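All residue numbers refer to positions in the sequence shown, counting from 1. On a predicted model such as this, the values are computed, not experimentally measured, just so you know.
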Amino acid sequence: MSTAAIPVRQLARHTVGELRTAAEQILEEFGTSATSPALLEHVAKAASGFSDALRHACRPVDTVDGLFVLRSLDVDDAAIGATPDSWAAAGDSGALYDIMLLLLASVMGNPIAWAGQQDGRFVHNIVPSPGHESEQTGASSSVLLSPHTEDAFHPGRAHLLMLGCMRNHDNIATTAASIRKTALSDAHVETLSRPVVPILPDDAYAEAQGYAGAEPPAVPALFAGEDGTTLRFDPACTPLDQADGTYRAAYGRLEEELARVSVAVSLSPGEILVVDNDMVVHGRVPFQARYDGTDRWLKRASVRVPGRRTRPLSEAEEHGYGQASIEAHAG
């Protein structure tokens, strides 16, 4: 795994001030970052008035890396308080940064939430949680979080994933790998472009795992988008035993290539990793959680980009395992 430099976008001090002032005004008015129509309306209004400099920093991913780090938000380690021991206990911890992230997400596109995840909030707290150490979710710690497309099981998944760092004393790395940097044979690409096996819901969606509707739809792992190859990938939730040997061999080759081009991104407080969810799979290295209030703490936001065409039209027919997403700003 490489630790090579990745694209960085540095926010100027006055631009950070512009963002923080807008977030402080919203937090002062509402006293919370919890989702409400009125709060979202204020977020949309504030985001629409941001400067060209801030909007330029939020422009689409523009390299084959499929990601960038937005840098220079100030995070006071003492002021933010202890790392929560679960998302459910987080409440409004770091609420100012929830709103800052939501504002940035609103410049990049349309933030989404899931009715069945983290109380429908648009910004999630990603922290290690006791009893969840070995799961394939953001609450795990002791296992490798396998590289995956965020919410790969669902046709309404985000186009962009934002991970904002609140605390990372141990320099724990997020892993990321771009499909555009891999070297696959034409035969493997052709095989993986066929819908052979489904992607099932992960452990964060208990209700979806118990879905009793139509059969899980088979989906392609690769797709030729308008501007290049895109992928939909979650090996931990893909029943490869249902595929033939040719498909399994191609899938294994894809896993090897993604591992070869993977980079390790160790975020510092105030940095936001922005990932193109159609180009890049992400994961996390294992670590030993202490549960003493100093563990790694990230904020996560998911964004759809209106009008973007990077996915097969057949996705519109999928049932999404009964899960419903909520858009922050109705178009």
Side-chain angles (χ1 to χ4, degrees), residues 1-24 27 33 43 46-47 50-80 83 94-109 111 122-127 138 150 158-178 181 262-277 279-280 282-285 295-303 305:
M1 184 183 299
S2 171
T3 56
I6 64 171
V8 172
R9 299 180 185 178
Q10 192 91 22
L11 289 173
R13 180 173 297 179
H14 69 275
T15 306
V16 175
E18 175 187 9
L19 176 64
R20 177 179 282 269
T21 297
E24 288 173 341
L27 185 59
S33 62
V43 166
F50 282 146
S51 66
D52 288 343
L54 183 50
R55 304 189 77 82
H56 182 67
C58 295
R59 67 191 183 277
V61 170
D62 51 11
T63 71
V64 295
D65 301 276
L67 51 80
F68 62 85
V69 170
L70 196 61
R71 184 175 286 170
S72 292
L73 301 186
D74 295 323
V75 176
D76 185 319
D77 190 71
I80 62 174
T83 300
L96 179 66
Y97 298 94
D98 291 347
I99 297 173
M100 291 174 76
L101 200 60
L102 188 53
L103 285 164
L104 290 169
S106 297
V107 177
M108 295 183 191
F122 283 86
V123 177
H124 294 171
N125 287 283
I126 307 302
V127 295
E150 187 73 3
H159 293 111
L160 301 174
L161 177 69
M162 304 174 69
L163 296 173
C165 182
M166 300 289 287
R167 176 173 288 131
N168 193 13
H169 292 172
D170 303 304
N171 296 315
I172 298 158
T174 299
T175 62
S178 170
K181 300 180 82 171
S262 181
V263 296
V265 185
S266 181
L267 293 171
S268 297
E271 294 183 335
I272 300 172
L273 175 63
V274 180
V275 172
D276 187 314
N277 199 40
M279 289 174 59
V280 172
H282 71 284
R284 191 215 60 243
V285 300
D295 282 319
R296 176 180 182 260
W297 180 8
L298 302 183
K299 299 277 189 180
R300 179 179 67 199
S302 297
V303 185
V305 180

Self-check item: Distance-minimising heavy-atom pair for Leu67 and Val61
Solution: N-CG1, 3.5 Å
Exercise. Determine, stepwise, if the pair Val127 / Asp295 fulfils side chain to side chain contact (heavy atoms under 4.5 Å, CB included).
Key: CA-CA 7 Å; Val127 295; Asp295 282 319; over 6 Å; no
Practice problem: Using a cut-off of 6.0 Å, state whether more than 12 heavy atoms not belonging to His169 lie near its atom NE2. | Solution: yes
Quiz prompt | Gln10 CD to Leu70 CG distance, which is reported to the nearest 0.5 Å | solution = 9.0 Å
Exercise. Mind listing the closest non-hydrogen atom pair of Val64 and Ser178 along with its distance?
Key: O-OG, 2.6 Å
Practice problem: Please report the closest heavy-atom contact between Arg20 and Leu96, naming both atoms and the distance. | Solution: NH1-CD2, 3.2 Å
Quiz item: Do the charged groups of Asp170 and Arg296 touch, with an N to O distance under 4.0 Å?
Solution: no
Exercise. Look at Asp65 together with Lys181 and state whether they make a salt bridge at an N to O cut-off of under 4.0 Å.
Key: yes
Exercise. Show your working on side chain to side chain contact (heavy atoms under 4.5 Å, CB included) between Ile172 and Ser266 and close with a plain yes or no.
Key: CA-CA 6 Å; Ile172 298 158; Ser266 181; over 6 Å; no
Quiz item: Is a donor on one side and an acceptor on the other found under 3.5 Å between the side chain of Arg167 and the backbone of Ile80?
Solution: no
Quiz item: So how far is it from Asp276 CG to Asp62 CG, rounded to the nearest 0.5 Å?
Solution: 11.0 Å
Quiz item: Taking all non-hydrogen atoms of both residues, which atom of Ala57 and which atom of Leu11 are closest, and how far apart?
Solution: CB-CD2, 3.5 Å
Practice problem: Please say whether more than 12 non-hydrogen atoms of neighbouring residues, nucleotides or ligands are located less than 6.0 Å from CG in Asp52. | Solution: no
Quiz item: If you take all heavy atoms of Val303 and Met162, which pair is closest and at what distance?
Solution: CG2-SD, 3.9 Å
Quiz item: Ignoring hydrogens and geometry, is there a side-chain-to-backbone donor-acceptor pair from Thr175 to Gly283 under 3.5 Å?
Solution: yes
Practice problem: Start with the C-alpha gap between His159 and Asn277, add the side-chain angles, then the distance that decides, and say whether side chain to side chain contact (heavy atoms under 4.5 Å, CB included) holds. | Solution: CA-CA 5 Å; His159 293 111; Asn277 199 40; 5.7 Å; no
Practice problem: Could you give me the CA-CA distance, side-chain angles and deciding distance for Leu163 and Val275, then say whether side chain to side chain contact (heavy atoms under 4.5 Å, CB included) is met? | Solution: CA-CA 8 Å; Leu163 296 173; Val275 172; 5.6 Å; no
Quiz item: Between Tyr97 and Val75, which heavy-atom pair has the shortest distance, and what is it?
Solution: OH-CA, 3.5 Å
Quiz prompt | Nearest-0.5 Å distance that lies between atom CZ in Arg59 and atom CZ in Arg9 | solution = 4.0 Å
Practice problem: Look up atom CG in Leu104 and atom CZ in Phe50, then write down how far apart they are to the nearest 0.5 Å. | Solution: 7.0 Å
Quiz item: Do Ser268 and Cys165 touch side chain to side chain, with heavy atoms closer than 4.5 Å?
Solution: no
Quiz prompt | Any side-chain donor near an acceptor of the partner, Glu18 and Ser51, under 3.5 Å | solution = yes
Quiz item: How many angstroms lie between atom OG1 of Thr21 and atom CE of Met100, to the nearest 0.5 angstrom?
Solution: 9.0 Å
Quiz item: What's the spacing between Cys58 SG and Leu19 CG if we round to 0.5 Å?
Solution: 8.0 Å
